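Here the structure is laid out as structure tokens; the discussion comes afterwards.
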Number of protein chains: 2
Amino acid sequence: MRKIMKKIKVYIADDHQILIDGIIAVLSSEENIEVVGFSLNGEDVLKWFKTNTADVLILDINMPKVDGIAVLQNFFNNNFQQKVIVLSSYDDVKLIKEVLKIGALGFLAKKCAGENIVEAINKVNNGEQYFEKSIQQKLLDTFNTHKSTSKEFVSQDGSFFSSLTPRELDVLQLIAKQYNTKEISDQLHISVNTVETHRKNLISKLNVKNVVGLAIYALKNNLV
Amino acid sequence: MRKIMKKIKVYIADDHQILIDGIIAVLSSEENIEVVGFSLNGEDVLKWFKTNTADVLILDINMPKVDGIAVLQNFFNNNFQQKVIVLSSYDDVKLIKEVLKIGALGFLAKKCAGENIVEAINKVNNGEQYFEKSIQQKLLDTFNTHKSTSKEFVSQDGSFFSSLTPRELDVLQLIAKQYNTKEISDQLHISVNTVETHRKNLISKLNVKNVVGLAIYALKNNLV
DNA sequence: TTGTTTCTAACGGTTTTCAGTGATAAATAA
DNA sequence: TTATTTATCACTGAAAACCGTTAGAAACAA
């Protein structure tokens with residue numbers, strides 16, 4: 001007896017075609033999954049979903065033009081239907097919390113095994129969350145160790161760079177571009193002192209040691 | 001009539017398992033290709049090839065512990081037999097020239113289509129070089145325009161840390177971990193002055209402005 | 001053997017970052 | 001309306017980074 005089953009429609013977005021082809025090949029052996037399209041940048045994802053639908057979107061964070069966060073944010077602001085699994089090179093907890101907040105259901109690090117992707121697709125298609133084991137552990141760890149730390153580690157909802165003010169983001173981005181305080185003050189038309197205040201607050205808010213920590217944070221969160 | 005054919009033995013090295021699984025899936029439909037192993041870092045590649053052989057090695061540049069360049073260099077110094085196809089996120093001309101010089105036969109950017117990998121494997125297995133079309137063009141362009149560039153300068157955006165000395169790498173990694181000069185000197189058991197010299201040389205070699213630039217370079221090249 | 005690279009170290013001087021504290025006006029949220 | 005957040009600016013002192021230059025010893029390559 002053959003069971004009639006609606007296939008799960010999957011769309012893939014990643015700027016590495018070779019990775020896309022790989023995922024397609026992995027999924028091709030799954031009878032209940034159908035890859036309905038892919039694109040190599042965020043812009044094309046947005047375009048595609050204007051006139052098409054899919055059940056699950058596998059979305060890379062690091063993409064040219066429009067990055068994954070921006071795509072997700074856009075969907076989030078427009079009541080999207082498809083379930084989103086975020087794909088990233090970094091399994092950074094702050095990033096994970098951020099994407100969950102703006103509507104992602106699953107998170108996969110690229111270092112995870114390919115088989116996880118099948119499991120992830122099936123789970124999120126049912127509306128369940130999916131995280132790879134090591135990431136689950138990481139998330140738990142931060143929830144445990146940081147519930148007692150001072151106010152500013154996690155802002156209730158767990159996102160972090162959303163807790164930065166717009167101005168702080170400006171400064172952070174320029175720091176990550178290797179500008180020094182004087183140069184930043186010139187570019188933002190504010191005083192050196194003000195820039196220093198912002199920098200100080202960033203270091204404290206993000207719980208890093210110095211500008212190097214800020215730069216790394218910015219990079220990992222695709223702010224540059 | 002069935003032709004008896006020796007399969008091409010392929011070994012894959014990349015720190016993203018999901019990409020490895022993808023490549024394996026892509027290659028699984030090729031009758032004359034057999035994947036004989038893989039690893040997630042350079043160290044394991046070197047170990048594996050001490051006691052095993054393969055015809056073709058697909059080698060990612062950005063890997064933790066021992067990077068692709070170092071692996072290739074090691075093979076190069078030891079008269080290796082296997083043909084190497086270098087895989088990289090960046091299709092930087094300087095990087096390509098570098099890997100060719102130390103014995104790679106093929107070069108694939110990750111943004112290339114998956115089918116290219118099959119072609120690449122077949123070509124290099126016959127001792128021929130393989131480059132994806134867009135890369136061929138790039139190489140030609142620079143050979144024409146750059147016949148008179150200066151000796152050796154390093155990339156702005158990454159991919160050339162093979163020109164850094166081991167000690168410089170040590171220092172770079174610690175900087176990217178937010179350690180300051182004093183802490184680094186303690187950890188490496190050298191004087192503060194020496195660390196400062198290394199830092200200075202790094203900034204100059206990598207053509208960045210400050211420690212932030214160094215950290216970004218380290219991160220982009222997977223050194224942390 | 002000779003030249004080159006690497007690692008080590010030092011020094012003086014300048015610029016930048018960092019920590020702590022405090023403060024005001026404007027915008028925003030409760 | 002009141003409280004909070006955000007953006008702005010200032011001052012001090014200490015620590016760290018940065019610049020230019022020099023130089024010896026060891027390891028390595030031609």
Side-chain angles (χ1 to χ4, degrees), chain A residues 150-157 159-218, chain B residues 69-70 73-74 76-78 101-102 151-154 160-218:
Chain A
S150 67
K151 49 211 160 156
E152 22 214 344
F153 190 59
V154 172
S155 54
Q156 315 87 313
D157 52 86
S159 106
F160 217 39
F161 72 91
S162 60
S163 76
L164 301 183
T165 68
R167 209 48 165 173
E168 283 169 345
L169 265 178
D170 290 339
V171 174
L172 177 56
Q173 284 170 342
L174 292 173
I175 287 174
K177 284 182 181 166
Q178 303 180 53
Y179 291 113
N180 66 28
T181 305
K182 178 66 176 51
E183 292 166 335
I184 294 172
S185 82
D186 285 343
Q187 254 183 301
L188 298 181
H189 307 293
I190 55 181
S191 91
V192 167
N193 295 308
T194 304
V195 177
E196 296 207 312
T197 300
H198 286 314
R199 190 188 54 219
K200 197 174 5 181
N201 291 336
L202 282 165
I203 289 176
S204 145
K205 267 191 181 180
L206 298 177
N207 202 32
V208 296
K209 285 183 64 177
N210 49 33
V211 280
V212 166
L214 292 180
I216 290 173
Y217 178 88
Chain B
I69 296 276
Q73 191 83 59
N74 187 300
F76 189 64
N77 295 337
N78 291 289
K101 213 169 63 185
I102 51 178
K151 40 193 173 169
E152 58 108 4
F153 53 89
V154 199
F160 232 55
F161 49 94
S162 61
S163 72
L164 301 183
T165 69
R167 208 47 163 175
E168 285 168 346
L169 264 179
D170 290 339
V171 174
L172 177 56
Q173 284 168 341
L174 292 173
I175 287 174
K177 285 182 182 167
Q178 302 180 54
Y179 291 113
N180 66 29
T181 305
K182 178 66 176 54
E183 291 165 336
I184 294 172
S185 82
D186 285 343
Q187 240 173 308
L188 297 181
H189 307 293
I190 55 181
S191 92
V192 167
N193 294 308
T194 304
V195 176
E196 296 207 313
T197 300
H198 287 313
R199 189 187 55 217
K200 201 175 0 181
N201 291 335
L202 282 164
I203 288 176
S204 144
K205 268 193 182 179
L206 298 178
N207 202 30
V208 296
K209 283 184 66 178
N210 50 33
V211 281
V212 166
L214 292 181
I216 290 172
Y217 178 88

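Proteins get letters first, then strands, A, B, ... in listed order; numbering begins at 1 in each. The shown structure was predicted, so the numbers you read here are calculated from the model rather than taken from an experiment.
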Mind checking if A/Val211 touches a base, just sugar-phosphate, or nothing, with heavy atoms under 4.0 Å?
sugar-phosphate
Please work out if A/Thr181 contacts a base, only the sugar-phosphate, or nothing of the nucleic acid, heavy-atom cut-off 4.0 Å.
sugar-phosphate
Between [X] ([atom1]) and [N] ([atom2]), how many Å, whole number?
| X | N | atom1 | atom2 | answer |
| --- | --- | --- | --- | --- |
| B/Lys209 | D/dA17 | NZ | P | 17 Å |
| B/Asn180 | C/dA19 | CG | P | 11 Å |
| B/His189 | C/dC7 | NE2 | P | 16 Å |
| A/Ile184 | D/dC9 | CD1 | P | 14 Å |
| B/Glu183 | D/dA15 | CD | P | 14 Å |
| B/Asp170 | C/dT6 | CG | P | 14 Å |
| B/Arg199 | C/dC7 | CZ | C1' | 17 Å |

Tell me whether A/Asp186 contacts the main-chain N or O of A/His189 through its side chain, where contact means a donor paired with an acceptor under 3.5 Å.
no
Where the side chain of A/Glu196 is defined as all heavy atoms beyond and including C-beta, which of C/dT8, C/dT6, C/dC18 is the nearest nucleotide?
C/dC18
Could you please spell out the steps behind the salt bridge (charged side-chain N to carboxylate O under 4.0 Å, His left out) verdict for B/Glu168 and B/Arg199?
CA-CA 8 Å; B/Glu168 285 168 346; B/Arg199 189 187 55 217; over 6 Å; no
5'-most contact on DNA chain C (nearest-nucleotide basis), B/Ser191 vs A/Lys200, goes to B/Ser191
Could B/Glu183 and A/Lys209 be called an ion pair, given the rule that one side-chain N must be under 4.0 Å from one carboxylate O?
yes
So which one's nearest nucleotide on DNA chain D is more toward 5', A/His198 or A/Asn210?
A/His198
Can you pull out how bent the helix from C/dT1-D/dA30 to C/dA30-D/dT1 is, comparing the axes over its first five and last five pairs, to 10°?
70°
For B/His198, which of B/Asn193, B/Val171, B/Ile175, B/Leu169 qualifies under side chain to side chain contact (heavy atoms under 4.5 Å, CB included)?
B/Val171
Within the structure provided, determine whether A/Asn180 and A/Ile184 are in side-chain contact (heavy-atom separation under 4.5 Å).
no
Can you tell me how far apart CG (B/Leu174) and CG (B/Leu188) are? Round to the nearest 0.5 Å.
5.5 Å
At less than 4.0 Å, is any side-chain N or O atom of A/Thr194 found next to OP1 or OP2 of D/dC9? Yes or no.
yes
A/Asn193 side chain near D/dC9 phosphate (N/O to OP1/OP2, under 4.0 Å):
no
